[in-house]
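Everything on this sheet refers to the single structure shown next.
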2 protein chains.
Amino acid sequence: MPLKVRKNRSQVLPPVCPLAECMKLLGGAWTPNVVWHLSGGARRFSELRVDIPGVSAKVLTERLRVLEAKGVLSRAVMPTSPPSVEYALTPLGAELVPVIEAIVKVGERLKRRAMHLEAAPELSPRRGAGGARAR
Amino acid sequence: MPLKVRKNRSQVLPPVCPLAECMKLLGGAWTPNVVWHLSGGARRFSELRVDIPGVSAKVLTERLRVLEAKGVLSRAVMPTSPPSVEYALTPLGAELVPVIEAIVKVGERLKRRAMHLEAAPELSPRRGAGGARAR
DNA sequence: CGGGATCCTTTTTGATACTG
DNA sequence: CAGTATCAAAAAGGATCCCG
């Protein structure tokens, strides 16, 4: 292996587009939580507010609107008194759930790791350059 | 099905924490792209700038620092002239890749769907009000 | 080459208060 | 209950210049 040719990645990896597209979807700080809490079934506005501690009505509304516009969830107004509105994932939204689950799984692992790092800060070996960690 | 009892979701679904934790990780608009473009192997700073069109040096630096601090990627300074720095996913960072791939996959699907909606705006049936099962 | 330091603009969030 | 309106605060992103 005489020379490690550094390939132009765009020949083997798709361009940035699909990622950017999808992150606009899950981009909002609360968006994944909304999807997550709808993954178990339909849920009403006020229930979501309780499910997701710390979210304001405004932000929640906003996220729900965006997600509805993207076809990720559906909004059903029940003509009752007092009014109630049910949100539920569409089939398309349901496809996001595995993604969320994967995220959660990794998130937990990272959390555990962070705890380890706290205990032993210099465990992670610096790659490369014979220990050339400037900085 | 006499009565659909609305359970307290936190008994069956984990609390918000892991999701929030992990989204701080993938939260930045560019972060997933960075991980994605490192998924094929180590990459230098300037290469990443080319890989990810539109990213500024500042933002890229910032994202890389954050990801390094979280243990997602490693930073190796090569003591050459001119200096070069290689970034690579850590084993932990590699675990994120399936997540990214899932995101990309869904992103593409959403894109296709968006195109369909453009063509036929009133295809999506509004739930509720007609089949509105009052509670 | 690989950034750090600044400054500035655009988005996102948050806190209240009010309404049908 | 399920929002809307409004304002203030904060974060993210971008542009530019400079340095080792």
Problem set entry | Rounded distance in Å - CD1 (I52(B)) to P (dG13(D)) | 12 Å
Seminar exercise, completed: By nearest-nucleotide position on DNA chain C, the 5'-leaning member of R63(A) and V85(B) is V85(B)
For this session: Nearest whole angstrom, please: distance from the P of dT6(D) to the CD of E62(A).
Result: 15 Å
Exercise. Would you say a side-chain N or O of R43(B) is under 4.0 Å from OP1 or OP2 of dG2(C)?
Worked result: no
Exercise. When the distance from CZ of F45(A) to C1' of dG20(C) is rounded to whole Å, what number comes out?
Worked result: 15 Å
Exercise. About how many Å separate CG of L48(B) and CG of L38(B), when rounded to the nearest 0.5 Å?
Worked result: 5.0 Å
Problem set entry | Below 4.0 Å: OP1/OP2 of dC1(D) and any side-chain N or O of R44(A) | no
For this session: May I ask you to verify if any side-chain N or O of S46(A) is less than 4.0 angstrom from the OP1 or OP2 atom of dA2(D)?
Result: yes
Exercise. Tell me: CG of L64(B) to P of dG2(C), nearest whole Å?
Worked result: 11 Å
For this session: With rounding to the nearest 0.5 Å, note down the distance linking OG1 in T90(B) to CG in L96(B).
Result: 8.0 Å
For this session: Mind checking the CZ-CG spacing from R65(A) to L73(A)? Nearest 0.5 Å is all I need.
Result: 10.0 Å
For this session: Hey, could you give me the CD1/NE2 distance between I52(A) and H37(A), rounded to the nearest 0.5 Å?
Result: 5.0 Å
Exercise. Does dA2(D) have OP1 or OP2 sitting under 4.0 Å from an N or O in the side chain of R75(A)?
Worked result: no
Exercise. Using a cut-off of less than 4.0 Å, is there contact between a side-chain N or O of Y87(A) and OP1 or OP2 of dG3(D)?
Worked result: yes
Exercise. To the nearest Å, how far apart are L60(B) CG and dG2(C) C1'?
Worked result: 10 Å
Exercise. To the nearest angstrom, how far is R65(A) atom CZ from dA5(D) atom P?
Worked result: 11 Å
Problem set entry | Integer-rounded Å distance: dG14(D) C1' and W30(B) CH2 | 10 Å
Exercise. With no angle test and no hydrogens, is the base of dG13(D) tied to the side chain of K58(B) by a donor-acceptor pair under 3.5 Å?
Worked result: yes
For this session: Counting heavy atoms from C-beta on, name the nucleotide in dG2(C), dG14(D), dG14(C) closest to the side chain of V59(B).
Result: dG14(D)
Problem set entry | Which nucleotide in dT4(D), dC1(D), dC1(C) has an atom nearest any side-chain atom of T61(A) | dT4(D)
Problem set entry | Pairwise distance CG(L64(A)) to OH(Y87(A)) - rounded to 0.5 angstrom | 4.5 Å
For this session: Give the rounded distance in Å between these two atoms: CZ of R49(A) and C1' of dT16(C).
Result: 12 Å
